[in-house]
Amino acid sequence: MTEYQTVTADTSVYRDGTIKLHGPEGFAGMRKAGRLAAEILDALADKVEPGVTTGELDDLVREMTLDGGAVPATLGYRGYTHSCCISINHVVCHGIPSDKRLKDGDIVNIDVTPLLDGWHGDSSRMFLVGDVSIKAKRLVDVTYECLMLGIEKAQPGARLGDIGAAIQQHAESQRYGVVREFCGHGLGRLFHDAPEVVHAGRAGTGPELRPGMFMTIEPMINLGRPQVKLLSDGWTAVTRDKSLSAQFEHSIGITETGNEIFTKSPTGRDHPPY
Ligand code: MF3
Ligand code: CO
Ligand code: CO
């Protein structure tokens, strides 16, 4: 049996395995945090170009986050010391910013999570560096479609498994691999909370989606096989077969009538070309 919990200011910070059902203050908080995440990603569109280092982009993310009155939730999170994750080409997720320079043809995911007034806005987008191959662009396009097809299934009364089933069906129809080792998650005052939002599975299974649930959907889709491996830095996940990988992430809330995307771009730059 899935347990749900209508949260109050006092209980919303505890990670007890229950699925939290938030009220209007939660929606207001997530709207602001999500908007800041989207604005940061919007601004990065003009900065991602050949020659820039991922460390320089991380500095920009930190400055924009602080300027927005937030702190980067990743800074100090489980020993992580950067303000965002930047994952290039065959890096699936959790790429660590460094002095590495972006080069023509790269596809890059930047994942930001401003923590604003106690609420987490978690979102990532893909960026194309210079001239990108048609094959890579198609992977990026299909991955964004996977995210949006998953979000369409996030309706009150639906089941959590409906989301993963829609994503898996679309990705596999293109012969792409869906990463299983990392998933979306509940969030709110907590960065990572119940439930786990897997990106593959069976429709009609899992907990029922109810108004007030907050979660991320963040499919990682590989041009080749779905398997990943972790590098020795303990963070960087790469495709085992070295194939390209893409990811998009939104934070959403289930409403009485559907869902609200907290991290939607206010300027329409949710996906490339920007
Ligand atoms: N933003 C990531 C997510 O979507 C989590 C990054 S945690 C870090 O859940 F420590 F790797 F930064
Ligand atoms: Co996330
Ligand atoms: Co994220």
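We count ligands from 1, going down the list as the structure has it; atoms in each ligand are counted the same way.
- Residues passing the side chain to side chain donor-acceptor pair (under 3.5 Å) test with D241 are S243, sequence neighbours excluded.
- Using a distance-only test at 3.5 Å, with no hydrogens or angles considered, no donor-acceptor pair links the side chain of D58 to the main chain of P97.
- A donor-acceptor contact closer than 3.5 angstrom links the side chains of E145 and H170.
- Cluster membership check: V228 does not share its hydrophobic cluster with V178, using side-chain heavy-atom separations under 4.5 Å among Ile, Leu, Val, Met, Phe, Trp and Tyr.
- Only one option out of D111, T263, L41 pairs with R125 in a side chain to side chain contact (heavy atoms under 4.5 Å, CB included); it is L41.
- Judged as a ring-ring contact (aromatic ring centres under 6.0 Å, His included), and not counting sequence neighbours, the contacts of H82 are Y80.
- For ligand 1, the protein residues placed under 4.0 Å by at least one non-hydrogen atom are T74, Y77, Y80, C85, H94, D111, T113, D122, H185, F191, H192, E218, W235, E249.
- In summary, of the residues considered (N89, N222, T143), a side-chain hydrogen bond (donor to acceptor under 3.5 Å, both in side chains) with S245 occurs for N222 alone.
- Between H22 and F214, the two ring planes are parallel [angle under 30°; tilted spans 30° to 60°].
- Listed by chain and residue number, the protein N/O/S atoms under 2.8 Å of the Co ion (ligand 2) are D122 OD2, H185 NE2, E218 OE2, E249 OE2, with waters left out.
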Check the pair D42, S265 against side-chain hydrogen bond (donor to acceptor under 3.5 Å, both in side chains), reporting the backbone distance first and the verdict last. CA-CA 7 Å; D42 280 1; S265 168; 2.8 Å; yes

